[in-house]
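Inspection log for the structure reproduced underneath, given as structure tokens.
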Amino acid sequence: MGKTFSEKVFSGKAGRDVRAGEIVTLEPDYILTHDNTAAILRKLPEIGATRLKYPERAVVVLDHVTPAADSTHAANHKSIREFVADQGIHNFYDVGRGVCHQIMVEEHYAYPGRLILGSDSHTTTAGAVGAFAAGIGRTEAAGIWVTGELWLRCPDTMRIVFRGKLRRFASSKDLALTIIGRIGADGALYRAVEFSCETGDQFSISDRMALCNLAAEMGAKNGYFAPDETVAEFLGETRNEFRHLRSDPDAQYVEELAFNLAEVEPVVAAPHAVDNIHPVGDLAGKRIDQALVGTCTNGRIEDLRSAANVLTGRTVASHVRLLVFPASAKVYRQALEEGIVRTLLDAGAVWMNPGCGPCLGAHEGALAPGEVCISTANRNFKGRMGHPDSEIYLASPATVAASAIKGEIASPEEYF
Amino acid sequence: MGRIFKYGDDVNTDVLFPGKHTYTVTDPQEMAQHALEDLDPEFATKVKPGDIIVAGKNFGCGSSREQAVLALKYSGVAAVIAESFARIYYRNCINSALPALALPEAARALNSGDEAEVDLAAGVVRTSRGEYTFAPFPPEVQAILDAGGLIEYLRDRFAK
């Protein structure tokens, strides 16, 4: 019997044959933490440990509430800076460098076959380049820091196959939301989700990151694309040396689903659940107060281009705040070079610093009671972006841009 | 026996413990005061030690924040019984030694107002509607529960 990608990564790490369902203790290649590093470092004295076992395996990115919104956050950030200096953690990214999941891929910590664990649920994003990447809790992150290891259950794998081609006005975000709408927020619970496309390499690294990011909203342990030529090229490799990581032809999947890309249309996740999916037309006319392009889901250059395409020569409705959060400083610089910063500024957008922005409701655009936001982020839970009586709709960058122009939820189709 | 508080499917971490408090609220008692505040604002004042939460599918979906577990634990909640759990939440329950039991039959049968108690050693939930048994946890998990949580488990390991 052949192995799945997950079984191969687990077997490689364990040094023996591991099959889905088995619990094994493994050493991750990297352990990612963000602003919550402040809480995690405070666990070391509770454990009775003082030093990280492998400081070179820690990646620390300040992104969640950056720059600090108040003195409490500032004190947390300060304690993190002192900690990384003291522990000799060199993989440290301070305020403004980018969202942690973007950094993991951009800086090539995410790499085919690596095991990456992070104290953030969207750590799954790193599966875009063929890493096995999963979210864990804070105490577990502290445990990995001091022991180098963690117990994990090798997941069953669910295969999602794409055929056909996305239409111009439909994006990988629409596809991901469509999948969530079909299988539900627990449709891939405890499972690995293998995304594959049978009709050519049409998914960019950015597209793959959006899909793997949203695998978390399917309940998945990890999501991934098998590392192919696109990944090899992204990593600067001259040849694809990663073929051995692909699931074997006779590997066992617990479920297989197929999606016709040509049928994917712009969709919106309505409050307060990510699987509350509707065609954008069904919600057209819903008045919005705020529009957000960015976050770990859709803050890459491809996303900003998509928004800029819609907004070129147009202006944001007078009652709408359009906030733009590039996923990293690198993305920001690229947007500057491509003229996207100017385009969106001319349209009336507010450029914000790279980071998570108001996605978790702490700062930089939190919502008042009764306000409505359409966002490219990945969660629309009640109260997440501010007041519990506010509403969050999730959509693609193009749909968010079209809605910002109209001042109400609108399809991007007419702008293509 | 503890009283049961029953909720639906997909109870997420933002309603269990709002994200806006995750970096500012660190005191256990204060954390408990925010438990479930965006879903059931009266929960924090109604809950008593030994009470049990019963819910539907995908309990704890969303963020990896441990406060979503700790807020319940510090409220005195003795166990969470659900049809299924989001995976990080489930791990966080183990690491905080808050029993999380995926028992679809019990989760569907029990309602607010019912009473229940969890006997971990015997692998049984005794309720006003009958008994529900569950399989033992894997050894890796049981060791953490036995220690009283992951911090305590690691402390034992480092003390040796």
Side-chain angles (χ1 to χ4, degrees), chain A residues 23-25 35-36 38-39 42-43 46-49 64-65 69-70 72-73 76 118-123 134-143 146-147 151 153 155 184-186 189-191 216-217 219-221 272-275 359-363 366 379 381-386 388, chain B residues 9-16 18-26 37-39 41 56-70 83-96 102 137-141 143-144 149-160:
Chain A
I23 290 178
V24 285
T25 297
D35 296 36
N36 59 20
R42 289 196 286 265
K43 294 181 189 291
E46 291 180 50
I47 293 167
H64 268 54
V65 187
D70 58 33
T72 304
H73 291 101
N76 280 340
S119 60
D120 187 280
S121 53
H122 294 107
T123 302
I136 56 167
R138 291 176 179 186
T139 308
E140 293 181 307
V146 299
T147 67
W151 68 271
R153 183 180 163 279
D186 64 343
L189 201 57
Y190 310 126
R191 295 172 172 176
E217 305 314 314
K221 180 169 202 156
H272 298 287
V274 185
D275 57 3
C359 180
L360 68 157
H363 72 151
R379 291 210 173 110
F381 300 155
K382 188 173 162 66
R384 179 168 173 92
M385 208 181 279
Chain B
D9 292 340
D10 302 315
V11 173
N12 67 67
T13 51
D14 278 283
V15 297
L16 280 160
K20 56 181 173 279
H21 302 317
T22 52
Y23 300 106
T24 48
V25 176
T26 52
E37 74 179 7
D38 284 348
L39 180 67
K57 292 184 291 183
N58 206 22
F59 188 86
C61 62
S63 157
S64 64
R65 70 185 67 132
E66 284 173 355
Q67 298 95 323
V69 173
L70 296 175
E83 288 184 49
S84 63
F85 289 87
R87 56 166 291 276
I88 301 178
Y89 193 87
Y90 186 76
R91 294 187 73 103
N92 284 340
C93 284
I94 293 165
N95 295 331
S96 303
F137 289 100
E140 290 85 349
V141 172
I144 295 169
L150 183 57
I151 291 278
E152 292 76 7
Y153 172 83
L154 291 167
R155 193 189 293 151
D156 293 346
R157 181 170 159 168
F158 274 85
K160 277 173 192 160

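Note that the structure is a prediction, hence the values are computed from the model and not measured. Proteins get letters first, then strands, A, B, ... in listed order; numbering begins at 1 in each.
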**Item:** Contact origin within A:T139 toward chain B - heavy atom pairs under 4.5 Å
**Value:** both

**Message:** If you compare all heavy atoms of A:A49 against all heavy atoms of B:F158, which two are closest, and at what distance to 0.1 Å?
**Reply:** CB-CE2, 3.8 Å

**Winner by heavy-atom pair count (cut-off under 4.5 Å) against chain B, out of A:D186, A:I47, A:L360** = A:I47

**Request:** Please state whether the side chain, the backbone, both or neither of B:E83 comes within less than 4.5 Å of a heavy atom of chain A.
**Result:** neither

**Message:** Any salt bridge linking A:R153 with B:E140? Criterion: basic side-chain nitrogen under 4.0 Å from a carboxylate oxygen.
**Reply:** no

**Request:** Under 4.5 Å heavy-atom distance to chain B, tell me which part of A:D275 shows up: side chain, backbone, both or neither.
**Result:** side chain

**Asked** Any donor-acceptor pair under 3.5 Å linking the side chain of A:E46 with the backbone of B:I151?
**Response** no

**Complete:** Residue from B:S84, B:G62, B:P139, B:G149 scoring the most non-hydrogen pairs under 4.5 Å with chain A is B:G62

**Item:** Region of A:V274 that comes under 4.5 Å of a non-hydrogen atom in chain B
**Value:** neither

**Request:** Please assess A:R379 against B:S63 for the test side chain to side chain contact (heavy atoms under 4.5 Å, CB included), listing each intermediate value before the final yes or no.
**Result:** CA-CA 9 Å; A:R379 291 210 173 110; B:S63 157; 4.0 Å; yes

**Item:** Sidechain-backbone polar pair: B:N58 side chain, A:A185 backbone, donor-acceptor under 3.5 Å
**Value:** yes

**Request:** Look at B:D38 together with A:K382 and state whether they make a salt bridge at an N to O cut-off of under 4.0 Å.
**Result:** no

**Fill in**
Under 4.5 Å to a heavy atom of chain A? For B:P138 that would be side chain

**Message:** Going by the rule salt bridge (Lys or Arg N to Asp or Glu O under 4.0 Å), which residues pair with B:R157 if we only count those two or more places apart in sequence or in a different chain?
**Reply:** A:E149

Which donor-acceptor pairs under 3.5 Å do side chains of residues 87-96 of chain B form with protein atoms, sequence neighbours excluded?
unit_1	atom_1	unit_2	atom_2	d
B:R87	NH1	A:G135	O	3.1
B:R87	NH2	A:G135	O	3.2
B:Y89	OH	B:A68	O	3.0
B:R91	NE	A:E140	OE1	3.3
B:R91	NE	A:E140	OE2	2.6
B:R91	NH1	A:W151	O	3.3
B:R91	NH2	A:E140	OE2	2.9
B:R91	NH2	A:W151	O	2.5
B:N92	ND2	B:S64	O	3.0
B:N95	ND2	A:E140	OE2	3.1
B:N95	ND2	B:R91	O	3.1
B:S96	OG	B:N92	O	3.0

**Complete:** Applying a strict 4.5 Å limit to non-hydrogen atoms, the region of B:L39 in contact with chain A is neither

**Close side-chain approach of B:V15 to A:F381, heavy-atom, < 4.5 Å** = no

**Best-contacting candidate, B:T26, B:N12, B:D9, B:L154, against chain A by heavy atom pairs under 4.5 angstrom** = B:N12

**Most chain B-contacting option - heavy-atom pairs closer than 4.5 Å, from A:T147, A:V65, A:N76** = A:T147

**Complete:** CZ (B:F85) and CG (A:L189) are apart, to the nearest 0.5 Å, by 10.5 Å

**Complete:** Answer key: most heavy-atom pairs under 4.5 Å with chain A among B:V141, B:L150, B:T22 is B:L150

**Prompt:** If you count heavy-atom pairs under 4.5 Å between each of A:D70, A:N36, A:T123 and chain B, which one has the most?
**Reply:** A:N36

**Prompt:** Is a donor on one side and an acceptor on the other found under 3.5 Å between the side chain of A:R138 and the backbone of B:R65?
**Reply:** no

**Prompt:** Tell me, side chain or backbone of A:H64 under 4.5 Å from chain B's heavy atoms, or both, or neither?
**Reply:** side chain

**Asked** Of the backbone (N, CA, C, O) and the side chain (C-beta and beyond), which part of A:D35 lies under 4.5 Å from a heavy atom of chain B, both, or neither?
**Response** both

**Message:** Report which part of A:A38 has an atom under 4.5 Å of a heavy atom belonging to chain B: side chain, backbone, both, or neither.
**Reply:** neither

**Prompt:** Which residue out of B:H21, B:E37, B:Q67, B:K57 racks up the most heavy-atom pairs below 4.5 Å with chain A?
**Reply:** B:Q67

**Asked** Which region of B:V69, side chain (C-beta onward) or backbone (N, CA, C, O), has a non-hydrogen atom less than 4.5 Å from a non-hydrogen atom of chain A, or is it both or neither?
**Response** neither

